[in-house]
Amino acid sequence: MPKLNENYKKLQNNYLFAEIARRVNEFTSENPDKPVIRLGIGDVTKPLTKSALKALHEGVDMEGSSDTFQGYGPEQGYAFLREAISDYYKRNGVEVDADAVFISDGAKSDTGNITELFAKDNVILVPDPVYPVYVDTNTMDGKEIIYMNGTEENHFLPMPDESVKADIIYLCSPNNPTGACYNKEQLKEWVDYALKNQAVILFDSAYEAFVSDPELPRSIYAIEGARKCAIEFCSLSKTAGFTGTRCSYTIVPKELVFTDSNGEELSLHGMWNRRQSTKYNGTAFLIQHGAAAVFTEEGMKECQENIDYYMENARIISDMLKKKGIWYTGGENSPYIWFKCPGNMDSWEFFDYLLEKAQIVGTPGAGFGKNGKNYFRLTSFGKHESTREAMKRFDELF
Ligand code: MLT
């Protein structure tokens, strides 16, 4: 009889967004005449940009011709895309070697898979509230997680505490779920903490493209020393509407070298390379061909137009919260708006209330951790019309 990984018993029954989908499906099947507006999961609604689409078509055609057909590709990703990403960083003032870039199918997969590189007895430091994947994947591994509190007082941006000795630290900025962004000084404190404590920062920058304030860092590598202590995860999901198409990248600098239990040096870059070559056969060629077009000048311009469109939704939502005097954060430099549930409701209560009374779907803060108990997240990834309609219903309700 197999001995099962009983750490799975420690997980909640459903992944957060699966639970939301279950509740919404139940509601819509009981109320087929009440159309629901979905501002819950951060899924984009604008189609792929022209440049990406053209390149995807070209990629399909290349696979159909014996002169250009591609079989197995490099597990790390094609050089053309790794170089395009390295150039993209350079244009944003950050040096990242193309060799350090690993192409993948999602920041969710990579932030989950990276846990394999670390032994069980590490102390994992995770903010609360937090993207549930970091917690669930470490729980599946049976690793010890400690939390740092994100609260209104610290603007949901927890800072290092010297009395806590963490080995692995998860940070996400612009943050999911709160939309809060670390500034350079704050990230520098985290990098200094990691270097001093020989910790690794796992930095999720999936929402970097939404940063419009030039003073805010879009990559942890904008901070000196970060290449010695940080892995960065990024994705084309939100930047370029690839939530269905799937393409992401993880940066593992060669400078990330630690001493193992025998006193020998081990490179995280080497380990991740070994992991990916063994367990991953690379992102589809045609997807990478499409992704490379995102990083061209024209491609970036088109993505920016879509981001501006979503940020207009963020403005519509933020304006309504302001009008109602409801405390909120995010909505600037981030597609997420995080606010205090009105009427002292807790977040699941508020979720049900909003669904029943106004047919708006959001994400209850409790799904991101105990500090989210009285908060709620809306996304700006809807269409203008539905976001406006949702805020009209919100206005009538409160
Ligand atoms: C979210 O809504 O938090 C995100 O869409 C989840 C994800 O990117 O996996």
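Indexing begins at 1, ligand by ligand and atom by atom, following the structure's order. When reading the values below, keep in mind they use all heavy atoms of this one structure, side chains included, and skip hydrogens, waters and symmetry mates.
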Chemist: Pull out every atom of ligand 1 sitting under 4.0 Å from any heavy atom of Gly42, numbered as shown with elements.
Modeler: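 Contacts of ligand 1 toward Gly42, numbered from 1: 1 (C), 2 (O), 5 (O).
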Chemist: For ligand 1, is Ile41 a contact, meaning one of its heavy atoms is under 4.0 Å away?
Modeler: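 Yes, that is the case, since the closest heavy atom of the residue is under 4.0 Å from the ligand.
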Chemist: Hey, which of Asp204, Thr139, Thr115 is the one that makes side chain to side chain donor-acceptor pair (under 3.5 Å) with Tyr134?
Modeler: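 Output: one option passes, namely Asp204.
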Chemist: Please report the interatomic distance CG(Leu187) to CZ(Phe203), rounded to the nearest 0.5 Å.
Modeler: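 Output value for this atom pair is 5.0 Å.
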Chemist: Under 3.5 Å between any N/O of Asp43 and any N/O of ligand 1: does that happen in this structure?
Modeler: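 No.
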Chemist: Show which atoms of ligand 1 fall inside a sub-4.0 Å distance from at least one heavy-atom site of Lys238.
Modeler: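 Those qualifying, in numeric order: 4 (C), 5 (O), 7 (C), 8 (O).
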Chemist: Mind checking whether Asn176 contacts ligand 1 via backbone (N, CA, C, O), side chain (CB onward), both or neither, at a 4.0 Å heavy-atom cut-off?
Modeler: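 Side chain only.
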Chemist: Give the atom numbers and elements of ligand 1 that come within less than 4.0 Å of a heavy atom of Phe17.
Modeler: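 Those qualifying, in numeric order: 1 (C), 2 (O), 3 (O).
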Chemist: In terms of the angle between their ring planes, are Phe80 and Tyr78 parallel, tilted or perpendicular, with boundaries placed at 30° and 60°?
Modeler: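 Ring orientation, 0 to 90° scale: parallel.
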Chemist: For atom 9 (O) of ligand 1, what's the nearest protein heavy-atom neighbour? Residue, atom name and distance, please.
Modeler: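 Among all protein heavy atoms, the one nearest atom 9 (O) of ligand 1 is Tyr131 OH, 2.5 Å.
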Chemist: For ligand 1, indicate whether the residue Tyr336 contacts it via side chain, backbone, both or neither (heavy-atom separation under 4.0 Å).
Modeler: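 Side chain only; the backbone of Tyr336 stays clear of ligand 1.
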Chemist: For Glu297, I'd like to know if atom CD has over 12 heavy atoms of other residues, nucleotides or ligands within 6.0 Å.
Modeler: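 Not buried by this count: 12 neighbours or fewer within 6.0 Å.
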Chemist: Check whether any side-chain heavy atom of Met62 sits under 4.5 Å from a side-chain heavy atom of Phe69, and report yes or no.
Modeler: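 No, every pair of side-chain atoms sits at 4.5 Å or beyond.
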Chemist: Counting only heavy atoms not in Arg274, do more than 12 sit closer than 6.0 Å to its CZ atom?
Modeler: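 No, because the 6.0 Å sphere around CZ of Arg274 holds 12 heavy atoms or fewer from other groups.
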